[in-house]
Enquirer: 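After the structure tokens below, expect a handful of questions from me.
All heavy atoms count here, side chains included; hydrogens, waters and symmetry mates do not. Letters A, B, ... are given to chains in the order of the sequence lines, protein chains preceding strands, and every chain is numbered from 1.
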Amino acid sequence: MNEEYVELVLSAVELVPPGRVASYGDIAEFVGRGGARQVGQVMSRHGAAVPWWRVVRSDGQPARGHEQEALARLEAEAAPTRAGRVDMDRGRFDFGETSPRMNFHRGSQGP
DNA sequence: AATTTGACGACCG
DNA sequence: TCGGTCGCCAAAT
């Protein structure tokens, strides 16, 4: 796993606004490389540098081993949580709504 | 080279 | 809703 990939993932995480979340799989799909587990690896080793609590599991549960901390932060920024998990229908951030210019990582020229 | 290990995810009974 | 199971993907044993 190279540095470029790590930066790519961290950059994607930083796009998620306060009060919204993205699943590991969402991030993986957005960056277009690796899978949810690779994103998990990056977050595990380098997540401290970004709003890591906005990356949750596909079912809305916070990162393994960081449930308390993540929930506290998510609730503090008014993310839609219920019974210890994020309501993904309401809280999931759709990367499709990001500015087309954010395609930097895919080397595209945009529409 | 084979197996195990993860801040994971989809399916199924 | 809740476990169990299998698939995934790269890295570490």
Side-chain angles (χ1 to χ4, degrees):
Chain A
M1 189 154 324
N2 57 53
E3 272 303 317
E4 183 194 353
Y5 180 70
V6 172
E7 292 307 320
L8 221 42
V9 170
L10 297 183
S11 297
V13 174
E14 290 179 323
L15 295 178
V16 182
R20 306 292 296 292
V21 301
S23 73
Y24 293 88
D26 291 340
I27 302 291
E29 181 182 13
F30 182 66
V31 306
R33 285 214 247 157
R37 306 199 82 133
Q38 278 48 250
V39 172
Q41 286 299 309
V42 172
M43 293 309 284
S44 175
R45 307 177 200 194
H46 316 279
V50 295
W52 56 266
W53 56 91
R54 292 178 198 147
V55 183
V56 302
R57 296 197 246 166
S58 62
D59 62 0
Q61 295 178 47
R64 285 247 154 101
H66 299 264
E67 291 83 3
Q68 296 310 125
E69 172 80 351
L71 259 304
R73 286 179 175 282
L74 288 168
E75 282 165 12
E77 56 188 48
T81 67
R82 248 172 43 179
R85 69 170 192 68
V86 177
D87 178 341
M88 295 309 277
D89 289 334
R90 295 195 298 137
R92 167 174 262 132
F93 172 64
D94 179 2
F95 282 98
E97 71 190 52
T98 57
S99 166
R101 282 190 295 88
M102 285 313 287
N103 287 331
F104 66 89
H105 59 286
R106 272 179 275 184
S108 85
Q109 306 302 325

Enquirer: On DNA chain C, compare the nucleotides closest to R85(A) and R45(A); which residue's is nearer the 5' end?
Expert: R85(A)
Enquirer: Are the side chain of R20(A) and the backbone of R92(A) linked by a donor-acceptor contact shorter than 3.5 Å?
Expert: yes
Enquirer: In the 5'-to-3' direction, what one-character label does each nucleotide of nucleotides 8-13 of chain B receive under the scheme B = base within less than 4.0 Å of a protein heavy atom, S = sugar-phosphate only, - = no such atom?
Expert: BSS---
Enquirer: Quickly, which of V55(A), L71(A), T81(A) forms a side-chain contact (heavy atoms from CB on, under 4.5 Å) with P62(A)? Name it, please.
Expert: L71(A)
Enquirer: Less than 4.5 Å apart, side chain to side chain, heavy atoms only: is that true for R57(A) and R64(A)?
Expert: yes
Enquirer: Under a plain distance cut-off of 3.5 Å, with no hydrogens placed, do Q41(A) and R37(A) share a side-chain donor-acceptor pair?
Expert: no
Enquirer: Using the P atom on both, measure dC2(C) against dA7(B) and round to a whole Å.
Expert: 23 Å
Enquirer: In whole angstrom, what separates L8(A)'s CG from dA10(C)'s C1'?
Expert: 16 Å
Enquirer: Quick check: closest heavy atoms across R54(A) and V16(A), and the distance to 0.1 Å?
Expert: NH1-O, 3.1 Å
Enquirer: Is S11(A) reaching over with its side chain to a backbone N or O of E7(A), donor-acceptor style, under 3.5 angstrom?
Expert: yes
Enquirer: Rounding to a whole Å, what distance do you find between Q38(A):CD and dA12(C):P?
Expert: 12 Å
